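Written out below as structure tokens is the structure these notes cover.
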Amino acid sequence: MNLFPDTTSVQDGHLSVAGVRAAALAEEHGTPLLVLCAATIRARARAYREAAPDALVVYGTKAFPNISVLQMLAEEGLGADVSTLGELRFAQRAGIAGDTLVVHGNNKDDQELAEAAAGGGLVVLDALDEVERAAAVGVKRTLVRLTLGVEAETHEAIRTGHHGSKFGLPPQHAVEAIERVRPLGLHVHIGSQLVDGEAARLTVDRLAAFAAECRARLGWTPEIVDLGGGLGVRTSPDEPEPPSIADFVCELLGRIESAWAAHDLPSARLILEPGRSVVGPAGVTLYRVGVVKHVSESVAWVAVDGGMSDNPRPQLYGARYTALLANRADEPPTGTFRVAGKHCESGDVLIDRVELPEPRRGDVLAVPATGAYTLAMASNYNGVPRPAAVLVEAGSSRTIRRRETVEEVLGWET
Ligand code: LLP
């Protein structure tokens with residue numbers, strides 16, 4: 001139960017989030033359905049703000065680009081980190097102010113750079129040719145993204161600060177960019193789903209050494225230091241518990257202070273860009289159980305009405321999830337089941353093994369810790385429309401993203 005949102009409870013066998021029964025949500029809004037708990041999102045945003053009151057905290061919009069979520073986070077004092085024109089427009093539609101907007105992208109086109117400039121965002125230069133291209137369209141506020149050769153302990157597809165990364169500039173190129181543009185500061189992001197802070201602390205040490213080298217060679221030091229996002233969340237009970245937001249941020253702050261002091265650097269304004277750790281634990285995905293098949297002594301399948309089109313993370317990163325039956329949440333498990341999606345391939349397995357009471361057609365399967373990078377990466381594979389999302393708060397629910405229809409999917413055809 002501790003993988004579920006803060007407001008989760010079980011009463012009369014029913015799982016509720018923020019005082020709303022999951023089975024009622026499935027009935028009213030259909031399935032698959034992403035349910036997000038507003039109180040959990042707000043609490044996690046506040047944890048960042050409280051741990052680093054002087055920092056600018058920007059939400060990594062890619063984790064779940066949604067206008068209501070961005071607005072709620074803005075109320076908590078967060079800005080937005082965007083990485084494409086689409087995400088920039090989400091942030092702008094949500095009313096995110098330019099001075100709390102950080103614009104990323106390893107291959108920004110001219111329109112992205114021009115709109116970032118017009119919107120007043122802080123642009124993170126990711127390539128040498130961006131120095132002139134950004135200046136030409138009026139970008140004034142910049143950071144230079146640095147790749148310091150840190151191998152963060154995470155899936156290789158979401159590691160970004162290693163030697164040879166497609167992101168950022170290696171130190172010698174970063175020095176050149178800094179000399180040419182005289183940016184406001186430096187940016188690093190070493191990877192996502194980090195479960196220990198060691199790589200992040202090592203990065204801070206290297207960053208301080210790099211900043212000291214810039215002072216010596218160029219007479220320049222960073223006014224801003226952006227440490228990116230990356231704090232992981234647990235999606236299955238057999239995974240290690242990542243540090244709390246407070247511990248992760250406090251350790252980083254402490255390390256910056258000591259590393260900066262060791263090089264006698266002037267203090268810099270900090271930016272943090274958390275995505276997953278803000279929305280991940282706030283989300284529960286609800287599916288309707290369909291076919292249940294005991295195919296052998298050892299293999300029992302429970303098939304749900306979604307799968308890799310609404311959550312491709314098991315296939316992409318070997319992500320592991322857990323589940324319970326939301327309408328029979330107080331029943332003890334009777335066996336171990338594999339949860340399959342409805343897609344036309346054997347790899348469409350959402351959960352490899354989970355203990356459940358014997359599922360029945362029509363039950364509601366609830367998968368926690370699915371607020372980040374699920375619906376955000378959803379597709380129309382097999383012609384399946386993408387799910388809806390609802391925000392639950394104080395006993396009521398509100399649709400924050402409408403369910404697609406097959407007609408809409410067909411609408412792309414010519
Ligand atoms: N800042 C930058 C520059 C990033 O590239 C990212 C994530 C973030 C911040 C937010 O990181 P977070 O706090 O969410 O770890 N689809 C993958 C994750 C890709 C992360 C991309 N960049 C997944 O499902 O695990």
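Note that this is a predicted model, so its numbers are computed, not measured. One-based numbering, in listed order, for ligands and for the atoms of each.
Considering only non-hydrogen protein atoms, atom 16 (N) of ligand 1 sits nearest to Y317 OH, 2.8 Å. For atom 15 (O) of ligand 1, the closest heavy atom belonging to the protein is S192 OG, 2.4 Å. Looking only at protein heavy atoms, the nearest one to atom 8 (C) of ligand 1 is H189 CE1, 3.6 Å. The nearest protein atom to atom 22 (N) of ligand 1, hydrogens excluded, is given as K62 CD, 3.5 Å; this is a heavy-atom distance. For atom 1 (N) of ligand 1, the nearest non-hydrogen atom of the protein is E273 OE1, 2.6 Å.
Between E179 and R217 there is no salt bridge, since no side-chain N of the basic residue sits under 4.0 Å from a carboxylate O of the acidic one. Salt bridge present: E76 and R42 bring a charged side-chain N and a carboxylate O closer than 4.0 Å.
Ring centers of Y381 and H343: under 6.0 Å apart, within the cut-off. Ring centroid separation for the pair H187 and H104 comes in under the 6.0 Å cut-off.
Under the 4.0 angstrom criterion for non-hydrogen atoms, A63 is not in contact with ligand 1.
The ring-ring contact (aromatic ring centres under 6.0 Å, His included) check on H263 picks up nothing, with sequence neighbours excluded.
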Which donor-acceptor pairs under 3.5 Å do side chains of residues 390-398 form with protein atoms, sequence neighbours excluded?
from: S396; atom 1: OG; to: E393; atom 2: O; distance (Å): 3.4
from: S397; atom 1: OG; to: H29; atom 2: NE2; distance (Å): 3.1

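Taking only nitrogen or oxygen atoms, main chain and side chain alike, D81 reaches within less than 3.5 Å of ligand 1. Polar contact check, M377 against ligand 1: no nitrogen or oxygen pair lies under 3.5 Å apart. Checked by distance only, ligand 1 and P274 stay at 3.5 Å or farther apart across all their nitrogen or oxygen atoms. Residue Y373 has at least one nitrogen or oxygen atom sitting less than 3.5 Å from a nitrogen or oxygen atom of ligand 1, judged on distance alone.
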